[in-house]
Amino acid sequence: MYLSVGNISFAHNSTFRIEGLSLAVDKGEMLGIIGPNGSGKTTLLKLLSGIFKPQAGTITLDGHDMHAFNHKELACIRAYVPESIDLPFDYTVSEIIAIGRHPFIGTFSRPGKNDRKAIDNAIELTDTHKLVNRKFFTLSMGEKQRVMLAMAIAQEPEVLLLDEPISHLDIGHQLAFMHTLKQLHRSGTTIISAMHELPLAREFFERLCLMDNGRIVKAASSGDGELLVHIKSVFGVSDERFIK
Amino acid sequence: MKLHHFIERHTWLLWLTLVLCLLMVFVLNIAIGPVNIPLSTVLHAFLSSSKNIDSTIILSIRLPVALSGIIVGASLGVSGAIFQAILRNPLADPYILGISAGAALGASIAQALLFSSIPVSLSAFVGAIAAMAMVYLLSLSSGSSTPLYLILSGVAISALLGSIMSFVMLMSNAMQIRIYSIMLWLMGGIKETGWHELIFISAAFIVLMVLALLTVPYLDILPFGDEKASSLGVHVERARLLSMTIAALLAGIAVYLSGLVGFVGLVVPHITRLVIGPSHKRLITVSIFVGAIFLLFSDLIARTVLRPIEVPVGIITSLIGAPFFLYLLLRAYKGYKF
């Protein structure tokens, strides 16, 4: 197992907790996390990315305890795209994408050839050529998400974690974004993303992990019949048109 | 935007302008005073070893004051830029986390109550740093020193120290007179400093500036929020404490040399961002110059506008800074982003 979560517990505050949660993710897998608002998708993603530390249980990455890695080592392996970014300063797109290289650049060194290559590759994959000289505040929501994805790709992660990356996009941009993820997946990146768009999630992800109330109800391949039954009951939606 | 691109392509022009402006205000600062000294005499005093009254005034009074001015302006500019980045708030300034209230109370307590043998500058410095440390520790008690908790703790501590200060003032008439003189000191003017002291402070200033430049990547990453910063390999709590300590000490140096000079730390990073954008490597280096130029220029006005009376430079920086800041707010209202 590449990324393995063993019986973890984590509590933010007294009202919400994750308890006894286990999950295994294969290298190169594309896993979607679905569930109602407040079911613990974001918390699970932050645990998987090492931002939160479980109060009990372990998370291992490629056989090593995730919290044995230091911040920088971890940043060279996985990247995290939060649901939205609220920047106080108006950076240009190229500045933002370049910040993704931070884990690879030493205190006394400047960006090198490899950094340039990673940045170019990220721009290429996300089709952000035309945006590089633009200021972040002038971008549309869809463009902002593409730039945040480019920043994460510049990190050249083995594991890419995304928190509802397409929730604020129109259907055209949603599809384009998902195709970019698929392309990354083909090049071997492990992708784990929280999703609200059930039809798209079922279309693009090999496996879905359904959460409710801080636990995993069911993790199964997207077409699984039993999963569909659980989805209906967890979301309280009986009309399949909105789920399929 | 256009200015930004132009400067990107002609960086040397920017540096040339900054260096020339700084040299100009620096030399004028030395030449203009209660007695005006011709520029040729100023240059002569630097170049030749012969002693006369003019060269003595220049070397033992005017030069240290002008150098102090550079240190104060640069420290406040850089300190402001750092605070704005780590607090993720373009409206932050070096005094936001209790430094001004701490400096005032520190100076008052030391002078009025306990140790009047300690220089005002030193007690103000200690008060400022102590208040900042209190603010940090208080914000930590919530689990993490997030920008919001830091700012709220800053407001709380400032209010608390301010009320203690008022209490001390009410205790007796004699105290009020002493505190009034401390208030005058705090109002913000560059004090005359001896060479020994100045060399020591300059060394500290240079070390802090080097540290500030080395920690620049944190300043670019922390504005993205704690979680994104952490995922980019930054130990957020440590990075914030380090940057905050550098910024607090720089502000402390400024307090030590000149009391509380307002608006420099708020306005300088804004002017600089308008010209070169928010990327912190350039923002910090250019803020050093813009801060120094702004302060020396304000000091020139402070010394000439009501001659022979010298107005505290803090009043001039606020007189220039506050309207400029209002202008920025109006622009923000119309959609301009910082």
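Below, chains carry the letters A, B, ... as their sequence lines are ordered, and counting in each starts from 1.
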Can you tell me if B:Ser79 uses its side chain to pair, donor with acceptor, with the backbone of B:Ala247 under 3.5 Å?
->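 Indeed, once roles are kept as given, a pair shorter than 3.5 Å links the two residues.
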
Verify, without hydrogens or angle tests, whether B:Ser139 (side chain) and B:Leu150 (backbone) share a donor-acceptor contact under 3.5 angstrom.
->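 Flag not set: sc B:Ser139 to bb B:Leu150 has no pair under 3.5 Å.
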
Counterpart residues, salt bridge (charged side-chain N to carboxylate O under 4.0 Å, His left out), relative to A:Asp120 (two or more places apart) =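 Residues passing salt bridge (charged side-chain N to carboxylate O under 4.0 Å, His left out) with A:Asp120: A:Arg116.
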
Would you mind checking which part of [X] comes under 4.5 Å of any heavy atom in chain B, side chain (CB onward), backbone (N, CA, C, O), both or neither?
{"X": "A:Leu74", "value": "neither"}
{"X": "A:Arg101", "value": "neither"}
{"X": "A:Phe69", "value": "neither"}

With a 4.0 Å cut-off, would you call A:Arg207 and A:Glu29 a salt bridge?
->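 Answer for the salt bridge query: yes.
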
Do you know which of [options] has the most heavy-atom pairs with chain B at a distance under 4.5 angstrom?
{"options": "A:Ala79, A:Ala152, A:Cys76, A:Pro103", "result": "A:Pro103"}
{"options": "A:Ala75, A:Pro157, A:Gly50", "result": "A:Ala75"}
{"options": "A:Lys72, A:Met148, A:His102", "result": "A:His102"}

Side-chain donor-acceptor contact under 3.5 Å, A:His196 with A:Asn37 |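 On atom types as modelled, these side chains qualify, holding a pair under 3.5 Å.
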
Heavy-atom pair count under 4.5 Å with chain A, highest-scoring of B:Asp226, B:Thr215, B:Asn89, B:Val234 |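 Maximum pair count with chain A is reached by B:Val234.
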
Sequence neighbours left out, what pairs pass ring-ring contact (aromatic ring centres under 6.0 Å, His included) with at least one residue falling in residues 44-63 of chain A?
->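 For residues 44-63 of chain A, and leaving out neighbouring residues, the ring-ring contact (aromatic ring centres under 6.0 Å, His included) pairs sorted by first residue read A:Phe10-A:Phe52, A:His12-A:Phe52.
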
